[in-house]
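Below is one structure, written out as structure tokens; comments come after it.
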Amino acid sequence: MIKSLKSLVLVISASLLLFACGQQGGGAGSKKSKTLDNTKKAGFVKCGVSQGLPGFSNADASGNWTGIDVDVCRAVAAATLGDADKVKYFPLSAKERFTALTSGEIDVLSRNTTWTLSRDADIGLTFVGVNFYDGQGFMVRKDSGITSTSQFKSGISACTNIGTTTELNMRDFFNSKGIKYEPVAFEKADEVVAAYDAGRCDTYTTDKSGLAAQRTKLKDPNAHRVLPETISKEPLGPVVRQGDAVWEDIVRWSLNTMIEAEEYGITSSNADSMKESENPAVKRLVGVEGELGAAFGLDNEWSLRIIKQVGNYGESYKKHIADTDILPKRGPNQLWTKGGILYVPPAR
Amino acid sequence: MNIKKFDFGINNYLEDRPKLKKYLPQALTLFAIIFVLGYFTYNAQVNMGNRGIVFGFGFLTQESSFDIQFSLIDYDGSYSYGRAYLVGLLNTILVSVIGIFFATLLGVIVGISRLSSNYLVSKFAETYVEIFRNIPLLLQIFFWYFAALRALPLPQDAINLFDVTYLTVKGWFVPRLVWTNLSVFIGSLVLAIVAIIFTYIFAKKKQENTGKRIPAFFISLGLIIILPLLTFLFGGVKLDFEYPKLIQQAPTIFNFSGGVGIIPELIALALALSLYTATFIAECVRAGIMGVGKGQKEAAASIGLTPNQTLRLVVMPQALRIIIPPTTNQYLNLTKNSSLAAAIAYPDLVLVFAGTAMMQTGRAIEIVSITMLTYLTLSILISIFMNWYNKKIAIKEK
């Protein structure tokens with residue numbers, strides 16, 4: 001009798017295990033997008049953003065998120081759910097961001113994240129594009145008299161964030177110059193700013209856009225200077241999980257649509273009137289020609305909604321970065337037709 | 001009863017088989033645990049497979065290529081992630097040891113002070129305990145760190161103590177000791193300690209045999225001072241000091257070079273941990289002393305022991321047995337709380353390994369498991385040591 005009971009227990013647990021296995025699978029390889037289905041079911045896009053970086057992703061006093069990184073998520077929401085406001089934001093530290101994405105807590109990571117080989121290939125992530133071309137720089141106090149990184153000397157202390165490419169670039173830079181330095185790395189950007197402001201460090205190093213944005217949080221922003229040298233390439237862009245090719249395409253082309261709309265002069269205010277345009281490229285973007293949305297399982301007005309609700313890339317940049325005096329000049333982040341390096345594949 | 005109807009006679013079935021009734025619940029529990037663990041492992045494997053992540057510990061030997069602000073062993077970015085782990089671990093142990101030392105010292109003093117008959121002393125101790133144990137530790141760490149950073153001067157205006165040590169916003173700079181023939185000096189210390197042990201054994205025997213007391217304490221004090229001093233005169237031992245020097249890097253950027261720099265992050269963290277944990281230890285000490293019967297003190301006084309002797313020879317040995325177990329908990333808490341270091345850039349295990357290294361490698365599961373196992377091991381080691389000590393001082397029934 002004991003024997004038969006034992007085998008009963010064995011059978012039950014074995015079938016439970018099989019059931020658990022049956023729950024898995026899917027995702028990879030299938031033509032349908034599980035992430036898109038889940039997003040539609042939930043009714044909002046789960047978007048990972050920074051814990052507060054003015055111009056990129058920053059919450060105001062009433063909890064509304066704004067910035068060019070936020071606009072990428074808004075574009076995805078406009079394309080997939082029809083409403084750019086249907087986004088749920090998850091503020092993440094640099095350390096948490098990739099785990100949040102790979103574990104499924106968020107579906108899009110739009111958090112000034114540098115595209116590198118190891119991140120793209122090694123840890124289950126896929127970068128879909130670049131929405132800001134940046135580079136690492138240094139900020140110092142003006143009264144130090146330092147105007148160039150060539151004036152740095154051994155013994156200098158540098159504040160930065162942990163878990164970023166910044167830590168690696170900093171080492172490469174100081175090592176190549178033979179300068180001994182003291183790295184002081186914090187988990188949150190606010191603490192880096194506070195420590196630098198208190199004089200703990202002689203210089204603050206991170207992406208130049210970040211320096212420009214964080215400078216506004218200092219006690220006396222005018223007492224500080226961002227040095228002209230750029231020590232690294234930092235192409236920042238949105239990231240998705242590996243294994244859902246359709247979702248990857250949706251996010252990629254939501255970003256591309258914003259940039260291409262600027263190229264053809266389509267803005268949030270003139271998008272409807274552009275339907276009468278003669279240019280087929282314009283007609284495709286506003287959804288009166290072609291069947292582009294069908295490729296991702298979306299309707300044909302997905303790109304029109306992005307342009308109308310979020311605006312094109314130029315509008316987004318002007319509103320969040322230029323008009324807020326963070327980086328008034330667009331520099332490399334200008335269209336290729338106007339001397340910049342923003343160049344996206346054609347939407348056709 | 002309704003329930004009886006639906007049990008399909010299992011109760012009766014088990015009632016007839018006492019052995020099965022005894023082992024079945026245990027077997028089911030074991031199965032449940034194995035099933036849950038197995039499910040998690042399997043689920044993680046499938047999901048990692050879907051995203052093309054490979055599980056493995058090979059990354060530990062790869063070059064880390066990031067620098068760490070403060071390290072007890074040789075380290076820079078050309079060393080491996082494994083070495084970075086060691087640096088973080090040693091920094092965690094360092095701040096825990098410093099924290100435990102000062103928390104114990106302060107805790108015992110405050111705990112005894114709370115029982116003092118001096119009103120001012122006992123109220124002061126009570127106020128301290130109530131304030132510091134009721135404010136969240138993270139806030140205290142921020143307070144000490146940012147308050148200290150705001151209050152301390154830049155290197156060029158350093159608080160100068162006797163031209164030897166300097167307190168600045170970039171840390172506390174103290175002279176470095178440069179030894180010649182250090183081994184001879186250490187040898188003399190060992191010799192002095194051995195001599196002291198023999199003195200105590202001799203003193204005890206003498207007291208037991210003749211009733212005479214030898215001032216063993218003063219003899220020991222003499223030994224530990226005079227023996228090492230002699231090595232300076234005859235052993236060729238020399239001690240030089242390398243003083244920190246102020247150097248100018250730019251019109252307003254100064255720094256100290258030479259000497260030893262103790263970073264403000266370590267000072268703030270050790271301070272916050274000690275002040276916080278000391279309040280709990282003080283309460284353990286108070287509870288321990290109050291747990292010793294009043295009659296013990298009265299009996300001690302009646303055979304002519306001084307109050308000091310009463311505390312040292314009668315009360316404390318009994319109180320310790322009550323104090324040690326809860327204090328062990330506080331030591332464990334302090335060690336684990338040291339992981340809050342990440343908030344103020346002290347490069348402990350969590351910041352270096354579960355922070356930077358995890359980000360650079362993306363090996364979340366591997367690194368978090370290693371980190372958890374490390375804290376578990378540290379805690380178990382502390383427990384084992386404290387249990388051993390507790391057993392040693394427990395009453396030995398004869």
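Heavy-atom basis, side chains included; hydrogens, waters and symmetry copies ignored. Per chain, numbering begins at 1; letters A, B, ... match sequence-line order.
Per-residue counts of heavy-atom pairs under 4.5 Å with chain B were compared for A/Ser154, A/Ser118, A/Gly104; the largest is that of A/Ser154. Counting heavy-atom pairs closer than 4.5 Å to chain B, the top-ranked of the candidates A/Gly145, A/Pro183, A/Ala198 is A/Pro183. Of all the listed residues (B/Thr361, B/Leu154, B/Leu351), the one sharing the greatest number of non-hydrogen pairs under 4.5 Å with chain A is B/Leu351. Note: A/Arg241 leads A/Glu187, A/Gln151, A/Arg241, A/Glu96 in heavy-atom pairs under 4.5 Å with chain B.
Heavy-atom distances place the side chain of A/Thr99, and not its backbone, under 4.5 Å from chain B. In this structure, chain B has no heavy atom under 4.5 Å from any part of A/Lys188. Contacts of A/Phe152 with chain B are absent, with no heavy-atom separation under 4.5 Å from either backbone or side chain. Heavy atoms of A/Ile146 lying under 4.5 Å from chain B belong exclusively to its side chain. Contact annotation for A/Arg119: only side-chain heavy atoms (C-beta onward) come within less than 4.5 Å of a heavy atom of chain B. Interface residue A/Ala94: only backbone heavy atoms are found under 4.5 Å from chain B. Residue contact with chain A, scored on non-hydrogen atoms closer than 4.5 Å, involves the side chain of B/Tyr145 exclusively. For A/Ala194, the parts lying under 4.5 angstrom from a heavy atom of chain B are both the backbone and the side chain. Proximity to chain A (any heavy atom under 4.5 Å) is shown, for B/Ala342, by both the backbone and the side chain. Proximity to chain A is limited to the side chain of B/Phe142, based on heavy atoms less than 4.5 angstrom apart. With a 4.5 angstrom heavy-atom cutoff, A/Phe98 touches chain B only via side-chain atoms. Contacts of B/Ala354 with chain A are made by backbone atoms alone, with heavy-atom separations under 4.5 Å and no side-chain atom involved. A/Thr126 does not touch chain B: none of its heavy atoms, backbone or side chain, sits under 4.5 Å away.
Of all heavy-atom pairs between A/Leu168 and B/Phe66, the closest is CD2-CB, 3.8 Å. Taking every heavy atom of both residues into account, A/Val184 and B/Ala345 meet most closely at CG1-CB, 3.9 Å.
Counted within 6.0 Å of CG on A/Leu117, heavy atoms from surrounding residues, nucleotides or ligands total 12 or fewer; the atom is thus considered open. Around atom CZ of B/Phe57, more than 12 heavy atoms belonging to other residues, nucleotides or ligands sit under 6.0 Å away. For B/Trp172, the CH2 atom counts as loosely surrounded, since its 6.0 Å shell holds 12 or fewer non-hydrogen atoms of other residues, nucleotides or ligands. At most 12 non-hydrogen atoms from other residues, nucleotides or ligands lie less than 6.0 angstrom from NZ of A/Lys180.
Under the 3.5 Å distance criterion, the side-chain polar atoms of B/Asp67 are left unmatched by any main-chain donor or acceptor of A/Arg171.
Going from atom CD1 of B/Ile263 over to atom CD of A/Glu182 covers 7.0 Å, rounded to the nearest 0.5 Å. In this structure, CG on A/Asp172 lies 7.0 Å from OG on B/Ser65, to the nearest 0.5 angstrom. Residue B/Lys170 holds its NZ atom at 8.0 Å from SG of A/Cys201, rounded to the nearest 0.5 Å. The distance from the CD1 atom of B/Ile68 to the CD1 atom of A/Ile162 is 11.0 Å, given to the nearest 0.5 Å. Taken from CZ in B/Phe254 to CG in A/Asp202, the straight-line distance is 11.0 Å, to the nearest 0.5 Å. To the nearest 0.5 Å, atoms CD1 (A/Ile156) and CG (B/Asn255) are separated by 9.0 Å.
The pair B/Glu265-A/Arg200 meets the salt-bridge criterion, since a charged nitrogen lies less than 4.0 angstrom from a carboxylate oxygen.
Contact check for A/Lys95 versus B/Val350: side-chain heavy atoms found under the 4.5 Å cut-off. Side-chain contact between B/Gln360 and A/Glu167: present, with at least one pair of heavy atoms (C-beta onward) separated by less than 4.5 Å. B/Phe146 is listed as a side-chain neighbour of A/Glu191, based on a closest heavy-atom distance under 4.5 Å.
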Exercise. Start with the C-alpha distance between B/Met359 and A/Arg97, add both sets of side-chain angles, then the distance that settles side chain to side chain contact (heavy atoms under 4.5 Å, CB included), and finish with yes or no.
Key: CA-CA 9 Å; B/Met359 270 309 310; A/Arg97 55 185 163 180; 4.2 Å; yes

